[in-house]
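Single-structure report; data block below.
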Amino acid sequence: MTLAEENLRLFEKKFAILQEISNALVVTDNISAIANLMLDLAVNYTRAEKGSLLLLNERDELFILAGRGIDLQLMRTYRARLGEGIAGIVAKGRVPILVKDIDQDSRFQGMTRDRYKTPSFISCPIVSKDRLLGLLNINDKADGTPFLDDEFSLIKIIANQAAIALENAMLVNQLRYKAGEQEGINRKLIESDVTKTEFITRVSHELRTPLNSIKGSVYYLQQSDRLTRLEQQEFYDIIATETDKLIAIVENQLDFLRFEDETMIVTKTVVSLKEVLNEVLGSKNLKTFLARKNITVDIKIAEETSDIVGDKVRIVQFFLNIIEGLCHFLERGDAVTVMVGENDNVEVSIQLPRQIPEAILPFLFSSSHIFQATQPDEKLKLYLARKVVDLHQWELVAENGEQGLIVNLAIPKSTRQKVDAVMNNTIEMFLEFIAEVLDLNICSIMLCDDISGDLVIKSARGLEDYLIKQTRVRLGDRIAGWVALEGKPLFIEDIEKDPRFGRRNISQYNNKSLISLPLRVGGKVIGVLNLNNKRTATPFTRRDYQVASLLSERVSYFIERLHAGEHHEDNFRNFMTSFDNLITAEKKYHKKDSILPELTVRIMERLGAGEDVCRVALYASMLYDLGLVVMEKSILNKRETLLPSERNSLKVHPYTTVGLINTIEFSEEVKRGILHHHEHLDGTGYPDGLQGDDIPLISRVLAVVDSFCAMTSDRPYRKRVPVRHALQELKTKAGTTYDPRVVDALEAVLETQREKAKETGHEPKGKTGNGSRASGEKKKQPLSMHP
């Protein structure tokens with residue numbers, strides 16, 4: 001091949017990569033999907049057997065977001081700090097490298113690569129606008145030869161494009177996060193309006209009686225020329241008594257405003273002070289205020305400062321109010337310095353270049369001063385800032401010194417507080433996820449109180465707020481208490497007929513069935529998961545119970561890991577963002593109402609799988625294609641033939657699904673079952689080209705059932721086909737694409753179902769040639785999961 005032909009070939013490869021990347025960018029904005037798309041391109045174009053795309057977390061550690069040929073457990077646990085190990089060194093240097101033979105490369109002398117077969121690799125930092133995002137690694141060329149310069153050139157192109165795509169996806173994630181925060185703020189405003197209305201109503205009611213008494217007494221005193229001295233004294237006593245009542249009422253209501261309502265609407269979470277202060281400095285109102293007085297604010301934050309726990313909205317309000325309140329006492333051209341560091345506490349120091357009046361300092365020490373008299377705007381702002389300090393139980397000291405005013409704020413670094421905050425937020429998310437998977441209107445998670453041991457509601461869907469706040473259940477009492485005390489799950493099909501709890505159904509529940517499951521940590525029951533009211537108003541089924549059991553195990557596992565300190569606190573917010581992505585995907589998932597899960601379980605049973613394996617298969621079958629919902633709908637619903645680049649984009653969805661559920665999923669069996677459901681028996685499938693029994697049984701079953709359900713359902717590009725035609729297609733590909741035993745089991749399950757329908761007189765009139773119901777008919781005969 002001439003040099004010109006070689007250059008042309010390389011140009012065509014580069015052009016093809018750019019074309020595929022441009023197509024990929026419009027398919028999805030999911031970070032995991034983009035990472036897998038980019039890694040697939042890199043692996044395919046270099047004919048590599050292994051590769052990884054790593055991202056940099058907030059602790060300057062690299063973690064594996066996408067991998068090929070790498071153990072799932074390693075992907076989950078791998079961390080490399082900048083400057084440590086090969087990946088850390090390359091990432092810190094930000095220079096792409098091609099190593100032909102690591103044993104001969106002086107840069108990596110003494111460094112081993114036990115997990116790799118060949119000594120050659122490519123490693124490219126992913127950098128966007130001078131910001132290091134991560135690293136793209138390619139290892140083990142399939143033919144065993146070293147990687148070439150033109151392959152190095154291709155990987156650099158992919159890494160550069162990955163930087164653009166990932167940066168855009170991160171921005172989209174930030175926008176979603178901000179939208180969620182805005183929704184929370186709006187919810188608080190609504191709650192605040194309700195509280196204010198209730199407060200005004202209560203004050204109006206309580207004030208009316210004493211005011212009317214005083215008014216009546218004054219009226220009669222005005223007739224004093226007709227009253228005796230004794231009668232006048234009686235009305236004076238009434239006025240004095242009712243005035244005392246008014247003072248007590250006002251004081252009680254002020255206390256209520258100061259404390260009770262504040263604590264009721266606080267939502268604590270893990271908060272980054274760096275993010276908060278950047279948001280404060282970005283405030284348009286603050287910028288305008290500072291510009292008017294030509295005042296600058298300089299923020300200095302020590303590296304690796306710990307996150308804090310608190311209500312983010314109120315913490316932002318604290319900094320806005322204290323900066324504006326203090327700046328009132330500065331002169332044009334002055335500068336405010338805000339320094340953040342840590343020792344035993346997270347320390348925030350706000351320094352002003354001049355002193356403030358001593359009469360103002362009390363407003364920084366106690367919020368009660370605001371009630372002494374009418375106060376100007378700057379004092380109100382300092383009062384509001386102090387309220388936030390009191391609410392979070394921080395320590396604040398302010399004093400005038402020779403150099404000016406110094407305000408020191410000490411914020412506790414309690415790991416327990418962080419764990420509790422993450423617990424509260426993630427339990428909310430867990431419950432939302434469970435409600436989506438099982439299609440519920442009412443459900444709750446109750447945990448045992450640390451002091452009393454009573455069950456209290458930590459999170460609920462479909463219950464009134466007053467019920468959530470007031471409900472306390474002793475162990476052994478009612479259904480939840482029985483489950484917690486006995487440590488046994490309950491699946492009740494009719495509460496009114498159950499001898500243990502026989503009672504009339506409560507009107508708020510739309511059917512008489514319920515599920516209640518214990519949550520265990522270290523063998524000890526620490527709470528209960530309660531499920532009621534399916535959105536369809538139908539009773540719970542055995543399938544619902546099995547899935548609920550698996551979900552409760554994942555709730556318990558997460559709580560156990562959280563208390564054991566296995567979730568690093570610096571990753572808490574990333575964890576919650578990942579969980580939010582999972583819930584968003586589940587809400588859009590289009591296969592929740594499919595008969596696919598029931599067919600999967602029936603086939604597994606037919607193949608002789610044990611009960612536990614069947615439960616795992618059921619769970620996997622309800623989530624296995626979740627990664628498709630992050631893809632652009634125009635690709636999923638495309639009527640004409642997909643382009644090669646579009647097909648490649650869709651091929652990463654098993655990885656995306658595993659990435660979505662990785663937040664809560666501990667079972668490698670579930671992950672492997674989902675990851676390999678597009679493998680073919682002859683090794684021509686993806687993602688790893690597994691063959692025969694190397695493909696997990698769950699994957700082989702999902703492959704058959706997924707294809708069957710796809711063929712017997714309408715698609716934008718074709719009509720559904722009859723069941724017998726779908727079965728024939730599966731049989732034709734049995735032994736190459738599909739496992740023949742699984743295909744035979746599917747046919748047997750469908751035949752059994754047809755026979756049962758015939759015996760009960762529910763056999764449909766419209767049949768196919770083999771008597772099976774055609775999935776083309778609008779009404780399907782459900783495959784009952786009742787025992």
Practice item. Report the C-alpha distance between Asp625 and His653 in whole Å, list the side-chain angles of each, state the deciding distance to 0.1 Å, and finish with yes or no for side-chain hydrogen bond (donor to acceptor under 3.5 Å, both in side chains). Key: CA-CA 7 Å; Asp625 261 349; His653 79 268; 2.9 Å; yes
Point to revise | Cationic tip of Arg554 above Tyr619 ring, under 6.0 Å, 45° of axis | key: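 Satisfied, under 6.0 Å and within 45°.
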Is the shortest distance from a Lys or Arg side-chain nitrogen in [X] or [Y] to a carboxylate oxygen in the other one below 4.0 Å?
{"X": "Glu560", "Y": "Lys524", "value": "no"}
{"X": "Glu665", "Y": "Lys671", "value": "no"}
{"X": "Lys534", "Y": "Asp439", "value": "no"}
{"X": "Arg535", "Y": "Glu436", "value": "yes"}

Practice item. Please identify each residue that fulfils side-chain hydrogen bond (donor to acceptor under 3.5 Å, both in side chains) with Arg615, with sequence neighbours left out. Key: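 Listed in chain order: Glu553.
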Review point. Under 4.5 Å between any side-chain heavy atoms of Tyr624 and Leu596, yes or no?
Key: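 Yes - at least one pair of side-chain heavy atoms lies under 4.5 Å apart.
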For the [atom1] atom of [X] and the [atom2] atom of [Y], what is their distance to the nearest 0.5 Å?
{"X": "Cys614", "Y": "Ile603", "atom1": "SG", "atom2": "CD1", "result": "11.0 Å"}
{"X": "Leu517", "Y": "Tyr545", "atom1": "CG", "atom2": "OH", "result": "6.0 Å"}
{"X": "Leu273", "Y": "Glu279", "atom1": "CG", "atom2": "CD", "result": "12.0 Å"}
{"X": "Ile479", "Y": "Asn532", "atom1": "CD1", "atom2": "CG", "result": "8.0 Å"}

Review point. Counting only N and O atoms by type, is there a donor-acceptor contact under 3.5 Å from the side chain of Ser713 to the main-chain atoms of Ala710?
Key: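 Not confirmed, Ser713 side chain does not pair with Ala710 backbone.
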Review point. After noting the C-alpha distance and the side-chain angles of Asp311 and His392, does the key distance pass the side-chain hydrogen bond (donor to acceptor under 3.5 Å, both in side chains) rule?
Key: CA-CA 8 Å; Asp311 186 313; His392 289 84; over 6 Å; no
